[in-house]
Structures are given as structure tokens and as C-alpha cells.
Amino acid sequence: LPIDDPETYAMLRAGDSYGVFQLESSGMQDVLRRLGPDKFTDLIALIALYRPGPMEFIGAYCARKNGGEPVPSTHPLVDDILAETYGIMVYQEQVMQVLERLGKIPLNRAMTLVKAISKKKAGLIAEERENFLSGAQENGIERSEADGLFELILKFGGYGFNKAHSTRYALVAYQAAYFKVHYPREFFAATLTYECVDTDKVVQYIAEADRFGITVAPPDINTCDADFSVDGERVRFGLAAVRGVGVRAVEAIIAARAAEGAFRDLYHFCETVDLRAVNRIAIEALIKCGAFDALGASRAEMVAALDRAVELGQAAADDRRSGQLNIFESLG
């Protein structure tokens with residue numbers, strides 16, 4: 001996918017990120033509006049910052065990114081390292097580079113120190129502080145200034161997020177946002193399928209789809225499968241997402257439809273499907289949610305006829321199991 005799609009970033013700047021991986025919380029939506037991301041590195045930084053601890057730097061990041069406050073110099077030796085994050089040490093990799101550049105701490109030891117800072121291992125921190133101060137003096141940095149720089153590193157080192165990890169999250173988030181903008185029906189069908197076991201989430205995503213001008217239509221017993229699917233300009237409800245209808249029932253319905261063709265009416269359905277897998281409760285749930293609407297009868301009529309249809313269906317199944325044919329079947 002193009003990583004610089006203007007429409008994707010426009011949607012994110014508007015905070016329309018519900019359903020987008022890592023970016024769907026109300027807090028994150030608010031930060032997206034404040035930040036106004038227009039490039040991929042903004043998403044990487046945002047995902048790294050939106051965690052307990054580094055969240056306190058989000059305000060400064062947004063202000064500096066949008067020209068609301070100047071970007072301060074940490075030190076001329078490391079300003080280039082921090083340029084992409086507006087002078088804030090967001091990533092573990094940056095903290096490691098700063099330690100190496102200012103205090104001549106080798107990168108492998110810098111990584112160990114970053115982990116020690118996050119776990120508050122005082123002994124190791126104190127040992128490396130002296131090494132850092134010595135290296136900084138070799139770089140011409142006064143001890144008092146170097147001590148202040150190390151305290152700054154301690155502050156950020158405890159929060160630093162792995163940039164590689166954040167980048168991968170940001171890429172998946174961007175991909176989800178791209179599909180929401182350019183393929184909204186497929187996006188909502190996939191998202192609703194994933195969340196189908198959570199009724200509250202299903203209701204929320206249907207409302208979000210409606211806000212995007214996409215109708216989520218009831219299921220159709222003759223055309224729908226287990227998952228939500230795209231049906232022209234609409235999204236069709238998945239059979240497995242109907243409360244009271246399990247996966248085993250859906251599999252039995254699809255198998256019967258594949259073997260016998262489209263269901264003609266409720267009686268034909270009950271005679272065709274395996275009623276050991278599709279019980280009365282499941283059939284009533286399907287009727288009430290509209291899955292049988294296309295077959296002609298009203299929902300009230302079908303519910304009233306359901307017991308008789310199930311009875312006849314069970315009798316037909318018993319006949320098949322015993323190898324009997326009734327006279328009408330034998331005559332076609």
C-alpha cells in the first residue's frame with residue numbers, strides 16, 4: 001500500500017479511527033485530532049507515546065510538531081538523533097544512541113542500561129553513570145552538564161519504547177485505516193466478523209458503519225455464510241453472529257443448502273437441514289432477525305408455524321434414516 005495516502009491521513013486527523021488497530025480508543029482519537037498526523041513517523045511516535053509514563057510528553061510532541069512551541073536543543077551532539085521526534089526521546093533506540101554519542105557507552109551496554117533503568121536497578125545505573133560522565137568529559141562536556149544530561153536520559157529511559165515494535169504496530173494501524181477509507185464495506189465486514197462474539201462491539205461497529213453511509217442488512221438464509229460479507233453496497237450480517245445460532249448450526253445450514261439448493265420456505269428448510277444441529281431456538285432466532293424474510297411469509301406467520309415445521313422436518317429425517325420414502329417424494 002502507498003504509505004503516504006492523503007485520504008488515510010485526513011481520516012486519522014479527523015479522529016475517525018474507530019475499528020483501527022491501536023488507534024480506536026476515545027483517548028487515541030482525541031490525540032489524533034490534536035496531533036494531526038500527516039506522515040508515517042507520526043503514527044510510530046504516537047503508538048510509542050500513548051502508554052502510561054510517556055503519555056505526559058504527548059502534549060509537547062503535538063505542540064512542537066504543529067509549531068506551537070520551539071524544539072529545544074538537548075545537545076548539539078545528539079540533536080540530529082532526536083530531530084524526528086522533536087527533541088523528545090521516544091524510543092529505546094534513541095536513548096541507546098544518545099548514551100553512545102554523549103557518554104561513549106557502547107551500544108550493547110547502552111541496551112543493558114536502558115533495561116536497567118526501566119527496572120530501576122540502582123547498582124547498574126550508578127556504575128554506568130560514572131562511565132557516562134567520564135565519556136562525556138572526553139567529549140568536552142562539563143561534569144555538571146553531563147550529570148544533567150544523564151538525569152534526562154534516566155527520565156526518558158524508563159519510558160522508551162522499542163521503535164521496531166512501534167513501527168510494526170503503526171504499519172498494521174495504517175493498513176487498517178487505509179482499508180477503512182478505500183474499502184469500507186470490506187473493512188466493516190471483516191471487523192464485524194472478528195468481533196461477532198461480542199454483542200456490544202457488533203452494535204458499536206454497525207453504528208460506525210452507518211455513520212460511514214453503509215447499511216448492515218439482516219442475514220439471508222439462502223445467500224449468507226457464517227461471516228459478515230459484502231453484498232453490493234451493503235454488508236450482510238453473518239449467520240454465526242446471530243445470538244442463539246452456533247457455528248455447528250451454521251455449518252449444517254450451509255451443508256444442506258449446498259446439497260439441496262436454495263430453501264423454498266420454512267417447511268422445506270426444516271425438512272432439509274439436520275435438526276439435531278439446528279434446533280428450534282436457533283431457527284426462531286433466524287426468523288426473528290430477518291434471515292427468512294426473502295421466502296415470502298411474515299415473521300409472525302413463520303414463528304406460528306415453526307413447531308409444526310420442526311415436527312414435519314423431524315418426521316422426514318426419521319423416514320430418511322429408516323430408508324422410507326413417502327408417496328409424494330416418490331412421485332417427485
Side-chain angles (χ1 to χ4, degrees), residues 3-5 8-75 78-102 107 110-111 113-120 125 148-178 180:
I3 208 68
D4 57 353
D5 179 62
T8 300
Y9 288 106
M11 184 190 74
L12 293 175
R13 286 193 295 273
D16 288 335
S17 59
Y18 192 66
V20 175
F21 176 70
Q22 290 286 307
L23 304 180
E24 74 169 353
S25 71
S26 58
M28 187 63 92
Q29 290 176 38
D30 176 63
V31 173
L32 284 167
R33 296 185 193 101
R34 289 162 52 201
L35 175 65
D38 52 19
K39 56 186 182 297
F40 186 58
T41 51
D42 289 337
L43 300 182
I44 302 173
L46 179 55
I47 287 171
L49 286 168
Y50 198 82
R51 300 181 303 116
M55 288 184 80
E56 68 174 276
F57 307 117
I58 288 177
Y61 187 95
C62 291
R64 294 175 190 180
K65 190 263 181 189
N66 294 309
E69 66 176 57
V71 177
S73 171
T74 300
H75 190 279
V78 296
D79 285 343
D80 62 318
I81 295 171
L82 305 180
E84 70 167 305
T85 50
Y86 307 101
I88 299 169
M89 290 182 227
V90 175
Y91 311 116
Q92 289 177 357
E93 291 90 336
Q94 288 176 311
V95 177
M96 290 162 57
Q97 288 176 294
V98 168
L99 283 165
E100 181 194 41
R101 191 84 64 86
L102 291 178
L107 283 175
M111 181 174 69
L113 177 56
V114 167
K115 292 179 179 178
I117 293 170
S118 66
K119 295 178 180 177
K120 297 180 172 57
I125 293 170
L149 288 168
F150 193 80
E151 287 299 320
L152 186 66
I153 290 168
L154 289 180
K155 179 180 180 180
F156 286 99
Y159 299 142
F161 199 66
N162 182 289
K163 186 181 181 182
H165 190 100
S166 187
T167 300
R168 188 59 186 150
Y169 271 21
L171 182 60
V172 177
Y174 175 86
Q175 290 168 337
Y178 182 93
K180 186 175 182 181

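Values reported hereafter were calculated over all heavy atoms of this structure, with side chains retained and with hydrogens, waters and symmetry mates removed. A quick note: this is a predicted structure, and the numbers were derived from the prediction, not measured.
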Please give me the minimum heavy-atom distance between [X] and [Y], naming the atom from each residue.
X	Y	value
Ile81	Val98	CD1-N, 4.3 Å
Glu69	Ala60	OE2-CB, 4.2 Å
Asp79	Ser73	OD2-OG, 2.6 Å
Ser166	Ala48	OG-N, 3.4 Å
Leu32	Leu12	CB-O, 3.3 Å
Leu23	Met28	CA-CG, 3.5 Å

Show me the pairs that pass salt bridge (Lys or Arg N to Asp or Glu O under 4.0 Å) and involve residues 82-91, at least two apart or across chains.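 As it turns out, the salt bridge (Lys or Arg N to Asp or Glu O under 4.0 Å) pairs with a partner in residues 82-91, which skip direct neighbours, are Glu84-Lys163.
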4.5 Å side-chain heavy-atom contact, [X] and [Y]:
X	Y	result
Pro70	Arg64	no
Gln22	Ser17	no
Leu49	Tyr159	no
Ile58	Cys62	yes
Phe150	Ile125	yes

Atom [atom1] in [X], atom [atom2] in [Y]: separation rounded to 0.5 Å?
X	Y	atom1	atom2	value
Leu35	Arg33	CG	CZ	12.5 Å
Leu113	Glu100	CG	CD	13.0 Å
Ile44	Ile47	CD1	CD1	8.5 Å
Lys120	Leu154	NZ	CG	10.5 Å
Thr74	Leu82	OG1	CG	5.0 Å
Gln94	Ile153	CD	CD1	12.0 Å

Tell me, please, which residues at least two apart from Phe156 pass ring pair (Phe, Tyr, Trp, His ring centres under 6.0 Å).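 Phe57.
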Pairing residues for Tyr50 by the ring pair (Phe, Tyr, Trp, His ring centres under 6.0 Å) criterion, not counting sequence neighbours: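 Tyr50 satisfies ring pair (Phe, Tyr, Trp, His ring centres under 6.0 Å) with no residue once adjacent residues are dropped.
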Tell me whether Asn162 contacts the main-chain N or O of Ala164 through its side chain, where contact means a donor paired with an acceptor under 3.5 Å.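 Such a contact is found between Asn162 side chain and Ala164 backbone.
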If you count every heavy atom of other residues, nucleotides or ligands that lies below 6.0 Å from Lys39 atom NZ, does the total exceed 12?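 Counting other residues, nucleotides and ligands, NZ of Lys39 exceeds 12 neighbours.
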Around atom CZ of Arg51, are there more than 12 heavy atoms of other residues, nucleotides or ligands at under 6.0 Å?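 Yes - once you tally the heavy atoms of other residues, nucleotides and ligands closer than 6.0 Å, there are more than 12.
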Cationic N near anionic O, under 4.0 Å, Lys65 to Asp38: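 Yes.
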Step-by-step ring-ring contact (aromatic ring centres under 6.0 Å, His included) determination, Tyr9 to Phe40: CA-CA 9 Å; Tyr9 288 106; Phe40 186 58; 8.0 Å; no
Tyr61 vs Tyr86 aromatic rings, parallel, tilted or perpendicular, using cut-offs 30° and 60°?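 Rings of Tyr61 and Tyr86: perpendicular, as their planes differ by over 60°.
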Check the orientation of Phe161 and His165. Use parallel for under 30°, tilted for 30 to 60°, and perpendicular for over 60°.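 Perpendicular.
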Using the side chain to side chain contact (heavy atoms under 4.5 Å, CB included) rule, take Leu152 and Met89 through it: C-alpha gap first, then chi angles, then the decisive distance, then the call. CA-CA 9 Å; Leu152 186 66; Met89 290 182 227; 4.1 Å; yes
Kindly indicate, with the supporting measurements, whether the criterion side chain to side chain contact (heavy atoms under 4.5 Å, CB included) is fulfilled by Thr41 and Thr85. CA-CA 9 Å; Thr41 51; Thr85 50; over 6 Å; no
